[in-house]
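When reading the values below, keep in mind they use all heavy atoms of this one structure, side chains included, and skip hydrogens, waters and symmetry mates.
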Amino acid sequence: MLLDLSGRHALVCGASRGIGRASATELAGLGASVTLLARSADALKTTVEVLPRRDGQHHRWFAVDMLHTDQLRDALADIVADHPLEILVNNTGGPPGGPIHAAEAADFESAFRQHLLAGQTLVQALLPGMRASGYGRIVNVISTSVKEPIAGLGVSNTVRAAVAAWAKTLSGEVAADGITVNNVLPGYTRTARLDGLLAAQARSSGRSEEEVAQGMLASVPARRFGEAAEVAAVVAFLCTPAAAYVNGISIAVDGGRTRALA
Ligand SMILES: NC(=O)c1ccc[n+]([C@@H]2O[C@H](COP(=O)([O-])OP(=O)(O)OC[C@H]3O[C@@H](n4cnc5c(N)ncnc54)[C@H](OP(=O)(O)O)[C@@H]3O)[C@@H](O)[C@H]2O)c1
């Protein structure tokens, strides 16, 4: 099985912690040179120093807020200036939770910008290089909510569905150029995002975080939370030569929680 990414360049967004950071680590372990992107310069600096590195691998970081797509576009011009990036992990922070009937227009607008418009900006910047290389891997980290909307995550459910439709459409347009577009759907994964959701649900329900966690785990056949590295392993596989004929799909990495057949 061809898993070697030596000589390939990857851009991993939301890479300062959690699933993004774990994905960057996996890709570097497979030999790719990795560019990290997130808002926190300090966390990015720390992360870039601990990435696996062999001869010929050059890792770097850019601090950018994906909410501001004009700034993202400017940063991407610098990012692609030296060499093409053949791999994109399109990942960012999740929108705040809350019932959809209480969401304001501004909540939808910012989530749409940070998730869908940022993705479009990233793809438009990287596609020419992918096409020139004849090799492209775009992996969007979304959520199992694209298969089964999750109660209490109204804005997120809505915007994630838009991202999934965007990705499917894109996958059909670029496949003939050797570029694949796939989605990884994390289930409950032990990261800062999950900690935040546990704390918010504990506050709003008057239960302890442990009780909220046990309630969540009751719906997971594996009866445990996932680890960021377990999601990252699937992200990284989709970026390899071995995954060349996997295109336009959404893979849940959720311990079996999603009950939908497709
Ligand atoms: N963990 C779960 O259980 C779970 C389940 C389903 C779906 N997901 C989704 O999977 C994705 C990754 O989850 P995670 O658990 O790894 O999240 P996380 O721990 O909150 O990490 C999010 C990453 O995105 C970066 N980020 C956030 N806002 C950003 C912005 N405006 N511009 C640039 N970077 C930004 C953060 O870094 P900075 O703060 O430095 O910018 C961080 O590196 C999220 O969309 C999340 O909703 C997670």
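Side-chain atoms of N140 do not come within 3.5 Å of backbone N or O of I142 as any donor-acceptor pair. In this structure, H115 contributes its side chain and S110 its backbone to no donor-acceptor pair below 3.5 Å. In this structure, D74 contributes its side chain and Q71 its backbone to no donor-acceptor pair below 3.5 Å. For the pair N182 (side chain) and G248 (backbone), a donor-acceptor distance under 3.5 Å is present. Judged by distance alone, the side chain of N247 and the main-chain N or O of S171 form a donor-acceptor pair under 3.5 Å. Listed for the R193 side chain is a donor-acceptor partner under 3.5 Å among the backbone atoms of G94. Not one N or O on the side chain of R8 forms a donor-acceptor pair closer than 3.5 Å with the backbone of G31. Looking only at distances, a side-chain donor or acceptor of T158 sits under 3.5 Å from a matching main-chain atom of G154. Although no hydrogens or angles enter the test, the distance criterion places no donor-acceptor pair under 3.5 Å between the side chain of R257 and the main chain of P221. Distance alone, capped at 3.5 Å, is enough to place a donor-acceptor pair between the H59 side chain and the P52 backbone.
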* To do: Please assess I100 against N157 for the test side chain to side chain contact (heavy atoms under 4.5 Å, CB included), listing each intermediate value before the final yes or no.
  => CA-CA 9 Å; I100 200 159; N157 291 338; over 6 Å; no
* Stepwise side chain to side chain contact (heavy atoms under 4.5 Å, CB included) check, L153 with R160 -> CA-CA 10 Å; L153 289 178; R160 308 291 195 177; over 6 Å; no
* **side chain to side chain contact (heavy atoms under 4.5 Å, CB included) between S16 and D42, intermediate numbers included** => CA-CA 9 Å; S16 63; D42 288 346; over 6 Å; no
* Asked: Passes side chain to side chain contact (heavy atoms under 4.5 Å, CB included), T189 versus L194? Steps please.
  -> CA-CA 6 Å; T189 310; L194 183 66; 5.9 Å; no
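L122 CG to I138 CD1: the interatomic distance, rounded to the nearest 0.5 Å, is 9.5 Å. Note that the CD atom of E86 and the CZ atom of R137 stand 10.0 Å from one another [nearest 0.5 Å]. With rounding to the nearest 0.5 Å, the separation of CZ in R73 from NE2 in H68 is 13.5 Å. Rounded to the nearest 0.5 angstrom, L261 CG and K147 NZ are separated by 9.5 Å. Here the CG atom belonging to L198 is positioned 11.0 Å from the CZ atom belonging to R203, to the nearest 0.5 angstrom. Here the CD atom belonging to E227 is positioned 11.0 Å from the CD1 atom belonging to I19, to the nearest 0.5 angstrom.
At least one side-chain heavy atom of P241 sits under 4.5 Å from a side-chain heavy atom of Y135. Side-chain contact between Y188 and T144: absent, with no pair of heavy atoms (C-beta onward) separated by less than 4.5 Å. Using a 4.5 Å heavy-atom cutoff, the side chains of L2 and T240 are not in contact. Inter-residue side-chain proximity for K168 and S250 is flagged as unmet; no heavy-atom pair is nearer than 4.5 Å. Using a 4.5 Å heavy-atom cutoff, the side chains of P186 and V253 are not in contact. Looking at I79 and L126, their side chains never come closer than 4.5 Å, going by heavy atoms from C-beta outward. In this structure, the side chains of L72 and L37 come closer than 4.5 Å at one or more pairs of heavy atoms. The shortest side-chain heavy-atom distance between V89 and L27 falls under the 4.5 Å cut-off.
At least one cation-pi condition fails for R60 and F62: the charged atom is not both under 6.0 angstrom from the six-membered ring centre and inside a 45 degree cone around its axis.
When all heavy atoms of A236 and E26 are compared, the pair lying nearest together is CB-CB, 3.7 Å. Contact detail for C239 and V139: the closest heavy-atom pair is SG-CG2, 3.8 Å. When all heavy atoms are compared, the tightest approach of P95 to V155 is CB-CG1, 4.3 Å. Of all non-hydrogen atoms in I150 and S143, the two that sit nearest each other are CD1-OG, 3.9 Å. Taking both residues in full, the closest heavy atoms of S33 and Q57 are given as OG-CA, 3.4 Å, listed atom of the first, atom of the second, then distance. Considering all non-hydrogen atoms of both residues, M216 and V220 come closest at O-CG2, 3.7 Å.
Hydrophobic clustering (ILVMFWY, side-chain heavy atoms < 4.5 Å, transitive): V64 and L67 are in distinct clusters. Connection of L51 to L5 is established within a shared hydrophobic cluster, with ILVMFWY side chains joined at heavy-atom distances below 4.5 Å, either directly or through further cluster members. Note: the hydrophobic cluster containing L30 also contains V12 (ILVMFWY, side chain heavy atoms under 4.5 Å, direct or indirect links). If you chain together hydrophobic residues whose side chains sit under 4.5 Å apart, V181 and L238 never meet in one group. A single hydrophobic cluster is seen to contain both M130 and W166, as judged by linkage of ILVMFWY side chains at heavy-atom distances under 4.5 Å, directly or through other members.
In this structure, a donor-acceptor pair under 3.5 Å is present between the side chains of T47 and R21.
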